[in-house]
There are 2 protein chains.
Amino acid sequence: MHATVDDVAALAGVSTATVSRCLNDPDRVLPATRKKVMEAIRTLNYSPNFGARALASRRTGIIGAVVPTLENAVFAHGIDAFEHALPEGKFALLVASYGYDPQREREQIEALVARGADGLLLVGFDRDPAIYEWLAIRKVPYVLAWACGDAHPYAGFDNVAGIVAMVRLVLDLGHRNISMLSGLTAGNDRARNRLEGARALLAEKGLSFRGVAEVPYGLENGAKAFAELMADRAVTAVVCGNDVLAAGALRAAHRMGLRVPEDVTITGFDDIDIASITFPELTTVRVPHKRMGQEAAALLQQLIDGKSGQSILLPTKIVARGTHAPPPSCRNA
Amino acid sequence: MHATVDDVAALAGVSTATVSRCLNDPDRVLPATRKKVMEAIRTLNYSPNFGARALASRRTGIIGAVVPTLENAVFAHGIDAFEHALPEGKFALLVASYGYDPQREREQIEALVARGADGLLLVGFDRDPAIYEWLAIRKVPYVLAWACGDAHPYAGFDNVAGIVAMVRLVLDLGHRNISMLSGLTAGNDRARNRLEGARALLAEKGLSFRGVAEVPYGLENGAKAFAELMADRAVTAVVCGNDVLAAGALRAAHRMGLRVPEDVTITGFDDIDIASITFPELTTVRVPHKRMGQEAAALLQQLIDGKSGQSILLPTKIVARGTHAPPPSCRNA
DNA sequence: CAATCGCATGAAAGCGCTTACATCACGGAA
DNA sequence: TTCCGTGATGTAAGCGCTTTCATGCGATTG
């Protein structure tokens, strides 16, 4: 049916070994020979069989990425950057998502490894130790992103540091009655670190949250939870675990007739596109998603090549836009 | 190193053929035998070698999706839905993006096929006929999405009908001095159909656009182009080719001190999340991204199984929110 | 000038799985 | 009792490539 190495070898008048070398390590072949082979390849319209190649060489050139969801721009952008940073033609990206369900994440990881993934990109550190063991046994290299830690190779950032900087800003404005609108923290170390990081800083100052809501990712969920949080009239600031929740909160505020930031301060986390589209534009924590994707790709390649790569911690940064202000009481003073 | 079928067969006291049957077609094996085999598999921690399997069975269970970019929520959501609709465990999704560069798209398609993709999901119809021929020769089934047409199997919608409905709405409001803010149309039939569809409707009414801007996808690009379009003071409505451009336009309008929709009407296309976050919320054309992803997955599987699937045309719908109103002159009247 | 080395190439052995075909045991029909 | 059909299982032949090792040649060295 399709041309094989044998056909090419026959037409070019060389052995299959030489054909293979032309494709995988051209320098090990005399230019003249190479030319003949390449010509044969072209006239036969030959392209190597993937399965055979994978079987014989024990690598597929496929890298797997397992993310909670692509619906969150945070991951979509990160994956996009990651894919662009993969050396053209050498690797392809297998993507799977698990909708924040740990069981499904495990299945997806196993599925990608079963599909021959040479390496994996995973999100965060939180997962059953058995998974890490399994990966170790199978000798599948991996890089974790969107978080940081000592236990595993990562290219990420410090969620605690990010939220702490933001809460500090809110405190410095004079807010004392603060609530937090967090993503679901179960099995999600990013969300958990943001919530706990904020909580710890408050505790340090002898304060605590007026209220805390934990809701699934989503605009509408953010809006609803915000309304509930604001039932407590004392609250003057709502710190959100991510931009989508914050955008939802902002929309709810509009609908409730609350002025932002005059009546209430709302902050986000991630700095995705929507953060600069809301009105007013969202004060948030910028995360270098693009850079992170690139660094993760570089690190993973190191590991795949058997080198011992260095984890990378990227800085986050407060982006002060229009949704923060001193609490109403302070303005009265 | 790792357990192979032979190891499993030996431990279970059966032949490799039986092991293979247990994995691929369990019903053809006596329950008692199957149990023994499964046990052996578990104790050996066996998992089949992907390359060998692909080589012997001539299919990989990998499906490729080639999209312009994952940064556009439109594609991220579609891909997400597509992936979820793939039968769990049977298929995995290889994703590649090409940044709207036709040459790169071709490379990505070839790369995915070289990686053994059993089928492809592509965006739109516009591409070098040679690519379609190549795909036909290689017998790789594919489904096109985000558009419709007779030439190829698709699961998509009618971009012309969508924009026509929107322009009709704008015309009905009384606008006559309309400009269009379009995405780049080169090699992009979705953008082109939207622009040309709108143009054709205007022509039908004896009108034409006051101005047309074609810019690359992006918030900032939309904002800048909007400002230029509005240099023409007669313009009372700007129809945008997608929501991101519209959101950019809206932001520019705010900054220019224009009231929306009192001073100017702005419309979008796609109805992604940001459309309901802007202030005011964006009037746009809803596209059933999720449903489209699902239908595309179903259709592609039919084709992979050798059946002749039926293309699917999904409806679009105007979502009338807050960025449209009669032109100022009409209100004066 | 002989011994040695380096390099391009060829021969052939797998890589681990699927599957066509052969085999075997069993039960019912003749 | 004999024969044949049926279904479960075994045998073994590849699938198309990579890679190790062997080969042979010309060049380098003492």
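Lettering follows sequence order; numbering is per chain, from 1. This is a predicted model, so every value here is computed, not measured. Values below: every heavy atom of this structure, side chains too, minus hydrogens, waters and symmetry copies.
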Round to a whole Å and report the spacing from [atom1] of [X] to [atom2] of [N].
{"X": "B:I41", "N": "C:dC17", "atom1": "CD1", "atom2": "C1'", "value": "13 Å"}
{"X": "A:R53", "N": "D:dG16", "atom1": "CZ", "atom2": "C1'", "value": "11 Å"}
{"X": "A:F50", "N": "C:dC17", "atom1": "CZ", "atom2": "C1'", "value": "15 Å"}
{"X": "A:D6", "N": "D:dG16", "atom1": "CG", "atom2": "P", "value": "9 Å"}
{"X": "A:H2", "N": "D:dC17", "atom1": "NE2", "atom2": "P", "value": "11 Å"}
{"X": "B:N49", "N": "D:dT18", "atom1": "CG", "atom2": "C1'", "value": "14 Å"}
{"X": "A:R58", "N": "D:dT19", "atom1": "CZ", "atom2": "P", "value": "9 Å"}
{"X": "B:D7", "N": "C:dC15", "atom1": "CG", "atom2": "P", "value": "11 Å"}

Minimum-distance nucleotide to [X] side chain [options: [options]]:
{"X": "B:L30", "options": "C:dA8, C:dG10, D:dT9", "answer": "D:dT9"}
{"X": "B:V5", "options": "D:dG16, C:dG16, C:dG10", "answer": "C:dG16"}
{"X": "B:T4", "options": "C:dG10, C:dT18, C:dG16", "answer": "C:dG16"}
{"X": "A:L55", "options": "C:dT18, D:dG16, C:dA12", "answer": "D:dG16"}
{"X": "B:S57", "options": "C:dT19, D:dG16, C:dT9", "answer": "C:dT19"}

Looking at B:T4, is its backbone amide N or carbonyl O close enough to the side chain of B:D7 to form a donor-acceptor pair, meaning the two atoms are under 3.5 Å apart? yes
Name the orientation class of the two ring planes belonging to B:H152 and B:Y132 (parallel below 30°, tilted from 30 to 60°, perpendicular beyond 60°). parallel
Are OP1 or OP2 of C:dT9 and a side-chain N or O of A:T33 less than 4.0 angstrom apart? yes
List the steps, then state whether side chain to side chain donor-acceptor pair (under 3.5 Å) holds for A:Q108 with B:E83. CA-CA 11 Å; A:Q108 295 284 34; B:E83 196 236 324; 3.3 Å; yes
Given DNA chain C, 5'-ward residue of the pair A:A56 and A:R28, judged by closest heavy atom: A:R28
Heavy-atom donor-acceptor pair, B:R21 side-chain to D:dG10 base, under 3.5 Å: yes
Least distance between heavy atoms, A:A85 atom then A:Q301 atom: O-NE2, 3.9 Å
Taking for B:A52 and for B:D27 the nucleotide of DNA chain D with the nearest heavy atom, the one nearer the 5' end belongs to B:D27
Which is more 5' along DNA chain D, the nucleotide nearest A:G51 or the one nearest A:A17? Just name the residue. A:G51
Determine the sole option in B:L299, B:V140, B:V143, B:D118 for which the side-chain contact (heavy atoms from CB on, under 4.5 Å) test with B:I304 is passed. B:D118
Which is true for [X] with a 4.0 Å heavy-atom rule: it touches a base, it touches only sugar-phosphate, or it touches nothing?
{"X": "B:T16", "answer": "base"}
{"X": "B:T18", "answer": "sugar-phosphate"}
{"X": "B:V19", "answer": "nothing"}

Chi angles and distances behind the ring pair (Phe, Tyr, Trp, His ring centres under 6.0 Å) call for B:W146, B:Y154: CA-CA 8 Å; B:W146 280 277; B:Y154 71 88; over 10 Å; no
